[in-house]
Number of protein chains: 2
Amino acid sequence: MKGNMEKKINKAANAMRELRKHLVGSVLEDDASCFRASLDNLRLSSLPRAVIVIKDPADVGVVLKIANKYGVPVTSRGAGSSATGSAVPIQGGWVLDLSALNQIEIDPVARIATVGAGAVTTNFQEQAEALGLFYPPDPSSKNYSTLGGNIACNAGGMRCVKYGVTRDYVLGLNGFLADGSPFKFGLPIKKYVSGLNLRDLLIGSEGTLGVITSANLKLIPKPEKRWTGMFAFKSEAAAFKAVVGLFKVGVSPSILEFLDRQSVSCAEKFTGKAIFEGQSRSSILLIELDGCPAEVRHQRKCLLDYITGFAASHREARTDAQAEKLWQVRRTCSQSMFSLADTKLNEDVVVPLEKQAALIRYTIALKNEIGLATPTFGHAGDGNLHVHIMYNRASKADAKKAKAGIHKLMQKVVDLGGVITGEHGIGLAKAPFMGMQHSQAEIAAMHSVKKALDPLGILNPGKIFEPFEVWDHKLVDVQLPWDHR
Amino acid sequence: MKGNMEKKINKAANAMRELRKHLVGSVLEDDASCFRASLDNLRLSSLPRAVIVIKDPADVGVVLKIANKYGVPVTSRGAGSSATGSAVPIQGGWVLDLSALNQIEIDPVARIATVGAGAVTTNFQEQAEALGLFYPPDPSSKNYSTLGGNIACNAGGMRCVKYGVTRDYVLGLNGFLADGSPFKFGLPIKKYVSGLNLRDLLIGSEGTLGVITSANLKLIPKPEKRWTGMFAFKSEAAAFKAVVGLFKVGVSPSILEFLDRQSVSCAEKFTGKAIFEGQSRSSILLIELDGCPAEVRHQRKCLLDYITGFAASHREARTDAQAEKLWQVRRTCSQSMFSLADTKLNEDVVVPLEKQAALIRYTIALKNEIGLATPTFGHAGDGNLHVHIMYNRASKADAKKAKAGIHKLMQKVVDLGGVITGEHGIGLAKAPFMGMQHSQAEIAAMHSVKKALDPLGILNPGKIFEPFEVWDHKLVDVQLPWDHR
């Protein structure tokens, strides 16, 4: 036993020695660097042995070859804004910090960009817009999140209802397989069907199948005009009736966001005034239309003609500043929930469009049952609602209730024909629910693919397939760059 | 040796016995049925032992379990319009005929359809259009091809330049894994990131990883208006200069088709008159714009303002009938090539947008070098050109030249930064070129995934990974439903 342990320690020391030798000046081993790389937005900390700052994509291949030789776990990291712990080096080992690979090149004629894994989503969007182009995927972490992370999680956002998710914009991926060999799956061209589609298999695989260092992304023309409106409803049921009705009358919103009365109530308490005067505690829809001016005009008319029968009140933005004020309502809801409790479980579930009202009824029932608030908002245009379970992390009783609540919620989502995660991925946080969503044969198929591409299990081990209970672990109280509190 | 052979024959007989017992009335063993299922549009025939007409998706699981037990190859089949031999049971065994699984259900509110693998693409498009919806992928075989086949090959078509390929419309896949277990990867919802993305891995896998029995497909609103124009250019170089320029001035065509002078010349000889009077043997662009009427008007103006400086002549369609007449030109080019020789190698290569002119120069050089015609047309909006090499199949000398030509062409495409197949897939026909496109490590990774999901190698064996030279095999002279000759 003792001999084994000694062998293991020697092996780890040899691995570090070889790493330092090959990546001079790129290996961070100090406490602060290791702590920073030990957690993501889930706020569960697990220290790596070292952080490797990747300056040249080829370094990834070098690191992986050493990691293979010594069996060292390797976890890729962008900004660490993942909500599920997918960026946490839960088995220690090495963290690859890819944030320096942040180049952005745009071919405005072919409407194709080549971006480094570490390029920040918003930076890319802004550069595209300056050329009259548009990159729609907009996860709420977009001011910090990297495109590599977006791809690894197949990130979504608010505009998916019209424009799809990250996957829909990925043409090619470059990076390294587990054994350190470089790969190029797809190219900066719009059609590609050569061989098995490992490009798309890597999308959403959370760093468990390979390391992405750069990507070729599709861009589309920037919509000429945008219009934003906010609508108040007496109940969530009325809001969802309007959602379904809008699609029936042919409206195609670019954003269709929903806020339940619990969320609105938090925001109103926080700001001290009603969002719609005299109608506090409404359920709200925030709607954006985009396209050419004539189309937006036509869609606005369809929308208003229809919705007047349902909404208790509405407000339109006539300027960008007014639109920004409407969006501020949505952001305030998110921040103000922390007045309910200090910890927020943010569950990015999806149910079929017409099942959203049933899901909201269930969140109310759940709130009454477990005695924890369940404020919910989200992307009602594609049934992707963020159900939050608020609890105080110091209270063991609360944590137990939260755990019970989340299990029930996940089962309900699956029963409604939905999915346990629409944009965050599995990571650690959703691992216990894989068996609710997928049959044993499906999980075995996924696992066999994982083993085929990473036979030694060095890439982001402990994720997706292994049971993990977040609630049994202490979360860290830390201020992250995207915290608004 | 003799004992082994006997064992093998007994095993095959037992497999057939068990199959007949479990699928009473669904197993066809007659010569005509087996011959029909022995080939696809590549026209290379390899007889299966039996054809199984799948009436209920669950039957697929039953067949696969028996096939596993006895090691019988199983090849899935829709309409058999594949251009690469991907539907040919090259190692015999059983063919699953999925064409009876042709249900089409459309939820017009969620804009999501559930279709059987055997539903014909055009039927689905028509049903969607009747509800004001649009399914853009339009492979040229769409009047016959099935959606299961489209998904298995990740089919493209003419509208990809604006609307993407089949993959971009697939939300969920239902079917059976190699061992006969049912799978459901994805759901009829628009966001889904649970577990490894085997849904997208199956797209384009040509029946080598599983059997798809039904799919959930995304629909989009039907564009209100369409406009079509045809433009003549003195040279291919001028046509491609216009293609690049159009994108520069912000035109977003829904179709942008190119015809080289060899193709146009064939059509003009066939019909006996010039497509543009007084300008015979032009290179041609066929352009469709779509969207709301104001947007189409604006785009048309941009297009005409720009292109007038480049095009020698143009013609606009003012009615649907006139548009149909313009499209007839494209179809005539395709059919009339058979006046050059009786066999057409149709290579669906893709190069970056700005490399298309270089590719056309190469097709001319190749024509001069090998002495076979190389008429080329295709989807110039996404660099996806169909380079045809015409030869007479009875001539061994011709076949040898064609073989040499195709190898050179593929290498040129890869050298230009392109891909050997943009919409047909690998199948048998492109298998020799996998090593040009992909590194050994990439192919090994793909192969390891194949082995992980189909350890016994029963699903469509002999495809993608195994070297195969179509030119060394006799092609069959047979009239297929989509032949216009």
**Complete:** Pair count under 4.5 Å, heavy atoms only, with chain A: among B:G417, B:S252, B:P182, B:S205, highest is B:S252
**Complete:** One option among A:K190, A:E206, A:K218, A:E423 has the most heavy-atom pairs under 4.5 Å with chain B, and it is A:E423
**Request:** List the atom of A:L353, the atom of B:V109, and the distance in Å for their closest heavy-atom pair.
**Result:** CD2-O, 4.0 Å
**Contact origin within A:L133 toward chain B - heavy atom pairs under 4.5 Å** = neither
**Message:** Please classify the contact between A:L201 and chain B as side chain, backbone, both or neither, with a heavy-atom cut-off of under 4.5 Å.
**Reply:** both
**Request:** Could you look at A:V251 and say if it's the side chain, the backbone, both or neither that has a heavy atom under 4.5 Å from chain B?
**Result:** backbone
**Complete:** With chain A, the option among B:G195, B:P108, B:A110, B:C160 that has the most non-hydrogen atom pairs under 4.5 Å is B:G195
**Request:** Please test A:I189 against B:V419 for side-chain contact (heavy atoms from CB on, under 4.5 Å), starting from the C-alpha separation and ending with a verdict.
**Result:** CA-CA 8 Å; A:I189 52 178; B:V419 69; 3.5 Å; yes
**Request:** For residues B:D168 and A:D168, report the shortest heavy-atom separation together with the two atoms involved.
**Result:** OD1-OD1, 4.1 Å
**Message:** Taking 4.5 Å as the heavy-atom cut-off, does anything in residues 150-159 of chain B contact chain A, and if so which residues?
**Reply:** B:C153, B:N154, B:G156, B:G157
**Message:** Taking side chain as everything from C-beta outward and backbone as N, CA, C, O, which of these in B:K184 sits under 4.5 Å from a heavy atom of chain A? Side chain, backbone, both or neither.
**Reply:** both
**Prompt:** With a 4.5 angstrom heavy-atom cut-off, which part of A:K451 approaches chain B: side chain, backbone, both or neither?
**Reply:** neither
**Request:** Please state whether the side chain, the backbone, both or neither of B:P188 comes within less than 4.5 Å of a heavy atom of chain A.
**Result:** neither
**Message:** Counting C-beta onward and ignoring hydrogens, is there a side-chain heavy-atom pair between B:Y192 and A:R167 closer than 4.5 Å?
**Reply:** no
**Asked** In terms of heavy-atom contacts, does NZ of A:K65 have more than 12 from other residues, nucleotides or ligands at under 6.0 Å?
**Response** yes
**Request:** Find out whether A:F465 and B:L196 are in side-chain contact, i.e. whether some heavy atom of one side chain is under 4.5 Å from a heavy atom of the other.
**Result:** yes
**Asked** When only heavy atoms count and the cut-off is under 4.5 Å, which of residues 169-181 of chain A reach chain B?
**Response** A:V170, A:L177, A:S181
**Winner by heavy-atom pair count (cut-off under 4.5 Å) against chain A, out of B:D200, B:I203, B:N384, B:V165** = B:D200
**Under 4.5 Å from a heavy atom of chain B, the part of A:R199 involved** = side chain
**Complete:** Given A:A294, A:G383, A:G418, A:G132, the one with more heavy-atom pairs under 4.5 angstrom with chain B than any other is A:G418
**Fill in**
Between B:S194 and the options A:E442, A:H438, A:Q437, A:K430, the side chain to side chain donor-acceptor pair (under 3.5 Å) test singles out A:H438
**Complete:** The interface call for A:V351 against chain B, heavy-atom contacts under 4.5 Å, is backbone
**Asked** Is chain A contacted by the side chain of B:L209, its backbone, both, or neither, given a heavy-atom distance below 4.5 Å?
**Response** side chain
**Asked** By a 4.5 Å heavy-atom criterion (distance strictly below it), what part of A:M446 contacts chain B: side chain, backbone, both, or neither?
**Response** both
**Message:** With a 4.5 angstrom heavy-atom cut-off, is it the side chain or the backbone of A:H424 that approaches chain B, or both, or neither?
**Reply:** backbone
**Complete:** Cut-off 4.5 Å, heavy atoms of chain B, and the answer for A:K463 is neither
